[in-house]
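Just so you know, these numbers use all the heavy atoms, side chains as well, and skip hydrogens, waters and symmetry mates. The chain is numbered in sequence order, starting from 1.
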Amino acid sequence: MSSESEDSMGSDGQLPDGSQPISSLKRLDGLWFDDGNVIVVAENTAFRVHKGVLSQHSVVFEEMFATDSLQPSGSLSNVSQTHAELHDVPVVALQQDSAFDMSCFLRALYDWSFLYRPYLNKYQFPAISGLLRIATKYMAGNLRKVAIDIIASVHPEESHSWTWGNESPSRQLAPFEDEAFAYFRLALEVDVKCILPGSSYTVCKYSLERIRSELPHVSPSMLWDLIIGREKVHAFEREKFHAYVLESGIADHPNSSFRCSSFLRSALDNRSRSTHHDSDYLNFAVFLRSSKQMCPDCQNACYRIRMNMLDAIIPQLPSIFGLEPYAVLRNLDNASSIQ
């Protein structure tokens, strides 16, 4: 760099106009290729990649490069034109995208095994949701569909997959605290319709105060559908629970120390009198099954009650929350993923 250029550089490594030189930006292993012919900048990270790879998977990037609208250094406010030209490659600044999201998108483009590596379990939701955000914004249809399929495994259409809860063998994302709201917000953010029934169902397990607190930006109509759906779910589960209990054969056993039906009645009475009344009958069935005051046969009956409740309610979730049937929602998502 000439002495004139050095004099124009501020003490913080930025030029007087506030732009940031490429050389000072962070680079990630595996996403800076010496033969790359475009530099993508997101936040404080630069990625030197290939136009052909981006164009092959993204309609937006394909059109950008096809029209030759990208010039060396672009029209960037945070990247120095001088340093972009030193690399002799064009630069595009994606100023509204996070570096993490873009890194997930690019890693998936260059190595699809990135999506399924076991060591990503801890970060799977941030990684897949970041990929989905970028794939949606830049119209990368194939990657959007892959990301949707992975995320949909958390809220499947098949009731038997719900039986295992977070331990479902078909689930491809690790569980995390308060995930119900994260999935619901993501569905709205990137317009993924197929996970709305299941995510709405898990959200409605929380109190109305918690729902309003966690979803402050949800439209009034969507919030109303959630509230009405929540009441429908509770009524549906209550009706099915009591019907299946009558069919289950849970009873006291005179020749043993187990008084299963007496315990069940007592648990129901305590539950109804509680000031923190929990209307989640699925969890109540789990509680009964795990109780040592129930004999093994009646514990198994409680397990069957829960399975029967899931079989009854999961197919009804779209109509409960005012949504189209599962097949229609999936077709809409597939159509939005076509490049």
Task: Validation row: H50, N37 side chains within 4.5 angstrom (heavy atoms) - done: yes
- [ ] Calculate, to the nearest 0.5 Å, the distance between atoms CH2 and CG belonging to W32 and L25 respectively.
- [x] 8.0 Å
Task: T45 side chain to A99 backbone, donor-acceptor under 3.5 Å - done: no
Open item on the list: A side-chain contact here means heavy atoms from C-beta on lying under 4.5 Å apart; do K240 and N308 qualify?
Closed with: no
Open item on the list: I'd like to check Y183 versus T202 (side-chain heavy atoms, cut-off strictly below 4.5 Å). Are they in contact?
Closed with: no
TODO: Walk me through it: do Y303 and V286 pass the test side-chain contact (heavy atoms from CB on, under 4.5 Å)?
DONE: CA-CA 7 Å; Y303 174 73; V286 173; over 6 Å; no
Open item on the list: Can you list everything that forms a ring pair (Phe, Tyr, Trp, His ring centres under 6.0 Å) with Y138? Sequence neighbours excluded, please.
Closed with: F61
- [ ] Sequence neighbours left out, what passes salt bridge (Lys or Arg N to Asp or Glu O under 4.0 Å) with K193? Give chain and number order.
- [x] D191
Open item on the list: Within the structure provided, determine whether M309 and Y244 are in side-chain contact (heavy-atom separation under 4.5 Å).
Closed with: yes
Open item on the list: Nearest 0.5 angstrom please: S248 OG to I305 CD1, how far?
Closed with: 4.0 Å
Open item on the list: A side-chain contact here means heavy atoms from C-beta on lying under 4.5 Å apart; do L226 and W224 qualify?
Closed with: no
Task: Point-to-point distance, once rounded to the nearest 0.5 Å, from CZ of R107 to CZ of F47 - done: 8.0 Å
Task: Qualifying salt bridge (Lys or Arg N to Asp or Glu O under 4.0 Å) pairs, either residue in residues 313-327, two or more places apart - done: none
Open item on the list: Does any part of the side chain of V41, heavy atoms only, come nearer than 4.5 Å to the side chain of V91, both counted from C-beta?
Closed with: yes
TODO: Take H160 and D311 through the test side-chain hydrogen bond (donor to acceptor under 3.5 Å, both in side chains) and record every step on the way to the result.
DONE: CA-CA 7 Å; H160 64 83; D311 287 342; over 6 Å; no
Open item on the list: According to salt bridge (Lys or Arg N to Asp or Glu O under 4.0 Å), does anything in residues 128-148 pair up with another residue at least two apart or in another chain? List the pairs.
Closed with: D97-K137, D101-R133, R133-E189, K145-D149
Task: Full working for side-chain contact (heavy atoms from CB on, under 4.5 Å) between C302 and I250 - done: CA-CA 9 Å; C302 292; I250 294 177; 3.9 Å; yes
- [ ] Mind listing the closest non-hydrogen atom pair of I314 and P156 along with its distance?
- [x] CG2-O, 4.2 Å
TODO: Compare every heavy atom of F65 with every heavy atom of S55, then report the nearest pair and how far apart it is.
DONE: OG-CD1, 3.1 Å
Open item on the list: For a quick test of reading the model, state the closest non-hydrogen atom pair linking L196 to V192 and the distance between them.
Closed with: CG-O, 4.0 Å
Task: Salt bridge K51-E62, side-chain N to carboxylate O under 4.0 Å - done: no
Task: Hphob cluster co-occupancy, M102 + V59, side-chain heavy atoms under 4.5 angstrom - done: yes
Task: Straight-line distance of S103 OG to E43 CD, nearest 0.5 Å - done: 10.0 Å
Task: Electrostatic pair E231:R238 at N-O distance under 4.0 angstrom - done: no
TODO: Assess whether salt bridge (Lys or Arg N to Asp or Glu O under 4.0 Å) is satisfied between R171 and E179, documenting all intermediate values.
DONE: CA-CA 14 Å; R171 180 178 176 134; E179 66 176 18; 2.6 Å; yes
Task: Donor-acceptor pair, side chain of S261 and main chain of D252, under 3.5 angstrom - done: yes
Task: Minimal non-hydrogen separation, K232 against S319, with atom names - done: NZ-O, 4.4 Å
Task: More than 12 heavy atoms of other groups within 6.0 Å of D35 CG - done: yes
Task: Separation of D111 CG from L31 CG (nearest 0.5 Å) - done: 10.0 Å
Task: ring pair (Phe, Tyr, Trp, His ring centres under 6.0 Å): pairs with one or both residues in residues 196-216, sequence neighbours excluded - done: W162-Y201, F181-Y206
Open item on the list: Test of understanding: clusters of I, L, V, M, F, W, Y form through side-chain heavy atoms closer than 4.5 Å, transitively. Do W112 and L106 belong to the same one?
Closed with: yes
Open item on the list: What's the separation between atom CD1 in I151 and atom SG in C194, rounded to the nearest 0.5 Å?
Closed with: 9.0 Å
TODO: Could you pull out the closest heavy-atom pair between F105 and A140, with the gap in Å?
DONE: CE1-CB, 3.7 Å
TODO: Provide the closest heavy-atom pair for D297 versus R304 in the form atom of the first, atom of the second, distance.
DONE: O-NH2, 4.4 Å
Open item on the list: A side-chain contact here means heavy atoms from C-beta on lying under 4.5 Å apart; do L288 and F263 qualify?
Closed with: yes
Task: I228 with L323, same ILVMFWY side-chain cluster at under 4.5 Å - done: no
- [ ] Say whether V233 and V218 are linked into one hydrophobic cluster, either directly or through other cluster members, by side-chain heavy-atom distances under 4.5 angstrom.
- [x] yes
- [ ] Apply side-chain contact (heavy atoms from CB on, under 4.5 Å) to the pair V38 and V89, showing each step before the final yes or no.
- [x] CA-CA 6 Å; V38 66; V89 294; over 6 Å; no
- [ ] Report whether L264 and F258 are members of the same hydrophobic cluster (ILVMFWY, side-chain heavy atoms less than 4.5 Å apart, transitive linking).
- [x] no
Task: Heavy-atom side-chain contact between V154 and I195 under 4.5 Å - done: no
TODO: Look only at the side chain of S336 and the backbone of D333, and say whether a donor-acceptor pair between them is shorter than 3.5 Å.
DONE: yes
Task: Donor + acceptor pair across side chains of H234, D280 (<3.5 Å) - done: no
Open item on the list: Checking V203 against L215 for the side-chain contact (heavy atoms from CB on, under 4.5 Å) test, could you report, in this order, the C-alpha distance in whole Å, the side-chain angles of both residues, the deciding distance, and whether it holds?
Closed with: CA-CA 10 Å; V203 162; L215 304 173; 4.2 Å; yes
- [ ] Can you run down the salt bridge (Lys or Arg N to Asp or Glu O under 4.0 Å) pairs that involve residues 208-220, sequence neighbours left out, and say none if there aren't any?
- [x] D178-R210, R185-E214, R210-E214
